[in-house]
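Structure first, commentary second.
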2 protein chains.
Amino acid sequence: MNISTRFAVAIHILALLEINKGDKNTSEWIAGSVGTNPVVIRRITSMLGKAGLIEVRPGVAGAKLARAAGEITLLDIYLAVDAVGQDSLFAVHDHPNPDCPVGQNIAGAILPVFSLAQQAMEDVLRKVTLEQIASQIPV
Amino acid sequence: MNISTRFAVAIHILALLEINKGDKNTSEWIAGSVGTNPVVIRRITSMLGKAGLIEVRPGVAGAKLARAAGEITLLDIYLAVDAVGQDSLFAVHDHPNPDCPVGQNIAGAILPVFSLAQQAMEDVLRKVTLEQIASQIPV
DNA sequence: CCAACTTGTAACTACGTTAGTTACAGGTTG
DNA sequence: CAACCTGTAACTAACGTAGTTACAAGTTGG
């Protein structure tokens, strides 16, 4: 299993908004760069808007960053598009047998490790800003 | 999206084998502790066997660890059960527009970060052994 | 040697998530 | 007011997971 392309597409969209400042970045135009359908873009910009990362208004073409690219981290984007859902990155089976010592204690033994592993991944994303990504794209 | 319970169930199975050394750990018995169907267990023990983590033989009840619990890491198990598939943990959209500077360069800009994030997560799993998990389960 | 048991695996179902699509309501603007 | 946009519902197809039944093939004790 892997994390949905929503996350990568969201980064793509925000990088576009940063680089094409001032132009009219309609969902149709963005879709042309991403290689998908405008509705897919609008679904994601809607999530980014609700998370406060961009400003979008119904009826008004385009969108723009709500704050500087240097102050938007990949973790912000990851959270905005619900990249791993509300659950943990790691799923644990629901009904271990409480009458078995292992069944009773396995969740308690592995959940802390799972949590640390997920945090380590998210910490990497927290340290990278949209500006750092955009700076790698030639104008 | 999250990592399949196969991973957590595999850890559960191996912890059982470590703790119930000597007993006959049939797939049916293990299924009782995990709270699932014996076939689900056999599917996973088959993967663990192919990865060389346990010894199983058709027709012979039970399974046992192929090496000491202190020498089996959670990363070994994670890889054995194909927890994130053969692809990266993070998916990237397939058809960005090569005629757009962003479309052309976005993958190159984000893949290294995705790779680092995945590695950070896997490094945590590498540092935890099955023995450490099993030691948290009272006998 | 055979009856009882086991593993390995195919095949099927049900479910949830994703991505793509069409359609349309409602906001905006020249 | 006409032309354009966003937001979102609804539907489809594809894919992975988990659970299940069924059965072939291996093993073992009496």
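- Between B/Thr45 and C/dG8, a side-chain N or O to OP1/OP2 separation shorter than 4.0 Å is present.
- One finds no salt bridge joining B/Asp82 and B/Lys50 here, because no Lys/Arg side-chain nitrogen approaches an Asp/Glu carboxylate oxygen to under 4.0 Å.
- At a threshold of 4.5 Å between non-hydrogen side-chain atoms, the residues B/Glu18 and B/Leu65 count as touching.
- Rounded to whole angstrom, the span from the CD1 atom of A/Ile44 across to the P atom of C/dT18 amounts to 11 Å.
- Under the 30°/60° scheme for interplanar angles, the aromatic rings of A/Phe7 and B/Phe90 are found to be tilted.
- Distance CD1 (B/Ile41) to C1' (C/dT7): 13 Å, rounded to an integer number of Å.
- Counting only heavy atoms from C-beta on, A/Arg42 has its side chain closest to D/dG7 among C/dG20, D/dG7, C/dT28.
- Comparing D/dG7, D/dA18, D/dT8 against the side chain of A/Val39 picks out D/dT8 as the nearest.
- Of the candidate nucleotides D/dC5, D/dG19, D/dT17, D/dG19 has the atom lying nearest to any side-chain atom of B/Arg43.
- Here D/dC5 presents its P atom at 19 Å from NZ of A/Lys64, a figure rounded to the nearest Å.
- Side-chain atoms of B/Lys127 and B/Thr73, non-hydrogen and from C-beta on, never get closer than 4.5 Å to each other.
- Residue B/Arg57 has no polar side-chain atom (N or O) positioned under 4.0 Å from OP1 or OP2 of C/dT7.
- Within the structure, every side-chain polar atom (N or O) of A/Lys50 is placed at least 4.0 Å from both OP1 and OP2 of D/dT6.
- For the pair B/Asn25 and A/Arg6, nearest-nucleotide mapping onto DNA chain C gives the more 5' position to B/Asn25.
- Proximity of A/Ser46 to the phosphate of D/dT8: a side-chain N or O atom is located under 4.0 Å from OP1 or OP2.
- Checking C/dT22, C/dA11, C/dT18 against every side-chain atom of A/Asn37, the shortest atom distance belongs to C/dT22.
- Here D/dT6 presents its C1' atom at 16 Å from CE of A/Met47, a figure rounded to the nearest Å.
- Contact check, A/Ser4 against C/dA19: a side-chain N or O comes under 4.0 Å of OP1 or OP2.
- If you find the closest nucleotide of DNA chain D to A/Ala63 and to B/Thr36, the one lying nearer the 5' end belongs to A/Ala63.
- Closest to the side chain of A/Val60, out of D/dG19, C/dT6, C/dT28, is C/dT28.
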